[in-house]
Undergrad: 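Handing you a structure now.
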Amino acid sequence: MYAHSGLTCWLRLPSSRGISLSLVQRPGLKAPATKSFKSPSKDLNVPIVQNITLSDAQYKKTQEYLLSLNEEQHKAALCSSPAVRVKAGPGSGKTRVVTARVAHLLSQGISSSGILVITFTNKASEELKERLGHLLGTNVAKDISTGTFHSVCARILRSYIEDLPGAKLKSDFTIFDRDDSDKVMRQVVDSFMGDTPAKEANKLAKEIVSAYSQMRNQHASLHDVKITSSHLDSCNSAAGLATKFRNLPNFFSEYTRLCRESNGLDFDDLLGVTVALLQKVPQAREELQQRWRHILVDEFQDTNSAQYHLVKLISPSSVSNGSVFVVGDPDQAIYEWRGANPENMENQFELDFKGCETMFLNCNYRSFAPILGAAEGVLSHGGMPKLHQPLMAVREGLGHVEHVHVEHEREEAGWVTSQIRQLKSKEGSKYEDIAVLYRTNLQSRSFEESLTSARIPFRVLGEKPFWQRSEIKDMTCYLRLTSNPSVDVVALNAIINTPSRGLGAKTLEKLQNVAEAQGVNLAQLLMGDMRKIPLLDKQTLEPLLAEVEMTKLLPDRTCDLLPDIGSTLSKEHQLKLNKEAIKGLKQLRALVLLARSTAYHRTVAGTVKVLELASGYRQSVEEGSQGDNAPKKLRNLDILHSVAGDPDSWASRDGDLRNTAKGFSSQDLISASGGTGRGLAEVEMLDGEERPLQSEPSPGMNSTAGGGVSGLGQLPWFLQHVSLMRELDELKDNAEAQQRVSLMTLHTSKGLEFRNVFFVGFEDGIVPLIRGQDEGARNLDEEKRLAYVGITRAMDRLYILTATKRSILGIPSQRKPATPSRYLKRLLLTGAGIKSTSTSSGQFSLHNNNDNDDNDNSPFRGRAKKEPSSRQGVRTVTSVGSAVKPGGFYDTRKENATITGTRGTGVSKGTTNFPIGTANVKKKASNGW
DNA sequence: GGGTTCGTAGTTTTT
DNA sequence: CTACGAACCC
Ligand SMILES: Nc1ncnc2c1ncn2[C@@H]1O[C@H](COP(=O)(O)OP(=O)(O)OP(=O)(O)O)[C@@H](O)[C@H]1O
């Protein structure tokens, strides 16, 4: 055992898997008092000095990992400057350096809660933690703060937002997704321009939301700054709207007002409000600077203004021994469209962080040289980026780069499918090492179909985010209502009549009118008394829950437990509400009470279950006319429930940052109380595996300040997890389920790597993407970088696909002639000896445009290349997707192909036919086609 | 108030 | 082509 002595640590209670921490239990802590979380009583914060010990194996692993770095990497990882910037190309080991640095810091005795790593996606965070877990043990790794900017901000705000003067938000705020924002803005549009037709109003609302979002991304904290015309002008979309609507800023401020009224923050608010908080509340800033002594940011080239400011604000610059460490690659900047500014990496960092040290990594460990060559070729189109540093391929061998030209999108999918089969059978590739990359999500369709009929397992990354699926969205609205019954109007509106309970448009209008007359919103009117109504006690609750589970219905008698507000309102205001409506209201209110009580006495998972059953939602999905969708939806609901049942994955790991700022984690107390509770003789009627959460002594209060001790206080954390995690359904299934081909957009592929990459739809208009009448000359550099990112995902083999004609929507009759991408020429030229084949008898030529001229915007639908007449009657492959037979069409390709490169042996130079157009393969009359 | 049928728009990338 | 929304009918 290697002991690091003199290390100050704070009390930690044992976690399920932990073993290597020796614990000193402080007396008097077994039954933590709820209230002490917000303002910690002194005795909770007594430091415990103890030794963190890494096991031999862990220590050895860490050292080995550090030794595996090359000199540049090693130097970067260990650099002790207060500000470090690592600029390095794809595959140069940036991620590895970040991991190594964290490991190094920890092995130096830095406390894990003092480290913050910001990654671009949540998945990257998880992977980082996993790797660190392997090196250092889960115990040490789990306390490192990691996450995206958004999730880190959400955590900061949960602890500090109530300190921000005028924020009008509670720490149990909900996070509004884009749909919520659109709905809120729709309300604003209605109130300002009442007579706008529904459709137009929706469209306008969306436009305004995105303009506002763009503006806030470009300007760090606009949420409370007076919006000037220069703000508007700096943002295209906003400027356009502003000329149409002179009072655009009023739309923005009314939107914000409504969000606040519902205790909601949208995605951009998470960043903007955090920035404002840190600017205005020095105490918060200082505490966080104290806490996170070492900050690491991955993919720094894609940070926007608000994110950059955030880094600046929490940087422990004033703290001795602190550091800020950012890594990125300006050539891989692909998020300018949503406000990212590569300048942050390129120049700004250097200016703001005095004494910043810059490191370069110039070796590529990922790809064979020809792949790198192809990538650099693309990048050189129209001139290399100014500060581009050439990369050296470390891996020896040539790999395989091939350009394949096909007739249309269907054949494209067919070719890829058949090639995947060959890779699997002849080259021994695993499905998980194969990826299909495309520019737009729509393009995935043909591949899904083709792979399905070939029975090749695949997964589509980045389909609809989990939280956006309607059934999940609805359930989260129920949960939001449970958490914030009298506040979250948006949630209330979403589910008030879903499933239908007699509260249709007519009734709602009546109620809305009453609300307006009283100067309140619908939630206040219908749920205003909810916080005052005492929660059900256990004796009342348990039998009700049992009944819910048995009957899958809300027990009627629950309705009698609270005032019948429907009848009262109806009488007082002569609304003439019908019986259905009154009953519906009763039920909804009873449901909320039941759910709140369940959350309080039981668990989040139990609450999810109650809501899903007693609302009748589940039943309506089961019986509804959803047809094929029903099983999928039910599965999603099950996933939601099972995630809820795994608080370890979502409960605040940092607990209340106020306390943990000094190293103490309230989450430990939660697990502790959960742990002790497990032994209690409590019957879990709704879910056997659930563990009861600690209950508060005085029911009836909405625990916001408590920071997540009662089940009710946990809800916001769970909701936050759900609304920030794109792919919750990626349950770590058995190993077999992992063996799948990956389909994703170029954007999603950032940071990943695959042995075999199919880059499909490499055509002008798609790569680069040019839509219809593009607003003038959009800067296409970002599109070029996107292609660069895609190509550099490949380790061993890269296939570039182009088609003669293509229909984006997959309708054969709507196929339009396509032209190979303007980037193709340089891709092929630079990667010497690239094989190029064509499966159709059609000729194609690289279009002859000037390299330096991106203005030749030939969209793929324009500029028809002459259609080769020879194709007449060849009437190719119509059902490529299904069985591609060995020895059939696609296999014959090989015979005629000029080169057959394989991994390691590679492509020999000089044998390629250039120009490519001549490298056709004659199509043999193949059986089966 | 609820369910059906018809019409139309979507064609960028995402926390 | 499909998915979603808005009339339209019961
Ligand atoms: N020193 C090294 N020795 C061996 N392999 C390495 C080394 N450094 C990096 N690699 C390997 O190179 C590949 C790319 O590394 P990594 O993902 O860290 O690169 P990156 O710079 O983050 O790439 P990108 O910018 O494309 O995301 C990984 O498979 C990694 O294991």
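So you know, we letter chains A, B, ... as the sequences are listed, proteins then strands, and number each from 1.
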Undergrad: I want to verify a distance call: between B/dT15, B/dT14, B/dG1, whose nearest atom is closest to the A/Arg178 side chain?
TA: B/dT15

Undergrad: Can a side chain N or O of A/Thr121 be found less than 4.0 Å away from OP1 or OP2 on B/dT14?
TA: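 No, because none of the side-chain N or O atoms of A/Thr121 sits under 4.0 Å from OP1 or OP2 of B/dT14.
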
Undergrad: Calculate the interatomic distance between A/Met744 atom CE and B/dT14 atom P; express it in whole Å.
TA: 11 Å

Undergrad: Is any N or O donor-acceptor pair between the side chain of A/Arg439 and the base of B/dT13 shorter than 3.5 Å?
TA: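 Present.
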
Undergrad: Can you tell me how far C1' of B/dT14 sits from CZ of A/Phe176, to the nearest Å?
TA: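 One finds 20 Å between C1' of B/dT14 and CZ of A/Phe176, rounded.
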
Undergrad: Is A/Arg469 reaching over with its side chain to a backbone N or O of A/Lys464, donor-acceptor style, under 3.5 angstrom?
TA: yes

Undergrad: Please report, rounded to the nearest Å, how far the C1' atom of B/dT14 is from the CH2 atom of A/Trp337.
TA: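 Interatomic distance, CH2 of A/Trp337 to C1' of B/dT14: 4 Å.
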
Undergrad: Count the heavy atoms belonging to other residues, nucleotides or ligands that lie under 6.0 Å from CD of A/Glu580, then report whether that count exceeds 12.
TA: no

Undergrad: With a 4.0 Å cut-off on heavy atoms, is A/Asn122 in touch with a base, just the backbone sugar-phosphate, or nothing at all?
TA: nothing

Undergrad: Considering every strand and a 4.0 Å limit on heavy-atom distances, what is the contact class for A/Asn497: base, sugar-phosphate, or nothing?
TA: sugar-phosphate

Undergrad: Nearest whole angstrom, please: distance from the C1' of B/dT12 to the CG of A/Leu780.
TA: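 Roughly 13 Å, once rounded to whole Å.
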
Undergrad: For A/Glu200 and B/dA9, what is the distance between atoms CD and P respectively, to the nearest whole Å?
TA: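 Nearest whole value for this atom pair: 12 Å.
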
Undergrad: Do the side-chain N or O atoms of A/Asn217 get closer than 4.0 angstrom to the phosphate oxygens (OP1, OP2) of B/dT15?
TA: no

Undergrad: Students often get this wrong, so: under 4.0 angstrom with heavy atoms, is A/Thr748 touching a base, only sugar-phosphate, or nothing?
TA: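 Sugar-phosphate: the residue A/Thr748, judged by heavy atoms under 4.0 Å, touches backbone atoms but no base.
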
Undergrad: For the pair A/Arg793 (side chain) and A/Leu752 (backbone), establish whether a donor and an acceptor sit closer than 3.5 Å, ignoring hydrogens and angles.
TA: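 Looks like yes, one N/O pair under 3.5 Å.
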
Undergrad: Does A/Arg178 count as lying over the ring of A/Phe267, i.e. NZ or CZ under 6.0 Å from the six-ring centre, within 45 degrees of the axis?
TA: no

Undergrad: Considering only the C1' atoms, how many Å lie between C/dG5 and B/dT12, rounded to the nearest integer?
TA: 23 Å

Undergrad: Using whole Å, report how far CD of A/Glu782 lies from P of B/dT14.
TA: 12 Å

Undergrad: Who passes side chain to side chain donor-acceptor pair (under 3.5 Å) against A/Glu343, sequence neighbours left out?
TA: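 A/Asn347.
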
Undergrad: Measure from CG on A/Asn441 to P on B/dT14 and round the result to the nearest Å.
TA: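 The answer, rounded to whole Å, is 6 Å.
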
Undergrad: Please state how far atom CD in A/Glu509 lies from atom C1' in B/dG1, giving the value in whole angstrom units.
TA: 14 Å

Undergrad: Find the distance between CH2 (A/Trp337) and CG (A/Asn779) and round it off to the nearest 0.5 Å.
TA: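 It is 16.0 Å, given to the nearest 0.5 Å.
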
Undergrad: Which letters describe nucleotides 1-10 of chain C, given B = protein heavy atom under 4.0 Å from base, S = only from sugar-phosphate, - = neither?
TA: BS---S----

Undergrad: Would you call the rings of A/Tyr335 and A/His747 parallel, tilted or perpendicular if under 30° counts as parallel and over 60° as perpendicular?
TA: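 Because their plane-to-plane angle is over 60°, the rings of A/Tyr335 and A/His747 count as perpendicular.
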
Undergrad: Does anything in residues 499-507 of chain A come within less than 4.0 Å of DNA chain B? Heavy atoms only, and list the residues if so.
TA: A/Ser500, A/Gly502, A/Gly504, A/Ala505, A/Lys506, A/Thr507

Undergrad: How do A/Asn578 and A/His150 order along DNA chain B: which one's closest nucleotide is nearer the 5' end?
TA: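 Nearer the 5' end of the strand: A/Asn578.
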
Undergrad: Which heavy-atom pair separates A/Val643 from A/His721 by the least distance, and what is that distance?
TA: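 Smallest heavy-atom distance, with atoms named: CG1-CD2, 4.0 Å.
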
Undergrad: Rounded to the nearest 0.5 Å, what separates atom CD1 in A/Ile156 from atom CH2 in A/Trp292?
TA: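 A/Ile156 CD1 to A/Trp292 CH2: 4.5 Å, rounded to 0.5 Å.
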
Undergrad: How far, in whole Å, is C/dC4 from B/dT13 if one measures between their P atoms?
TA: 16 Å

Undergrad: Under 5.5 Å between ring centres and under 30° between planes: true for A/Tyr335 and the base of B/dT14?
TA: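 No, A/Tyr335 does not stack on the base of B/dT14.
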
Undergrad: Are the side chain of A/Ser615 and the backbone N or O of A/Tyr617 linked by a donor-acceptor pair below 3.5 Å?
TA: yes

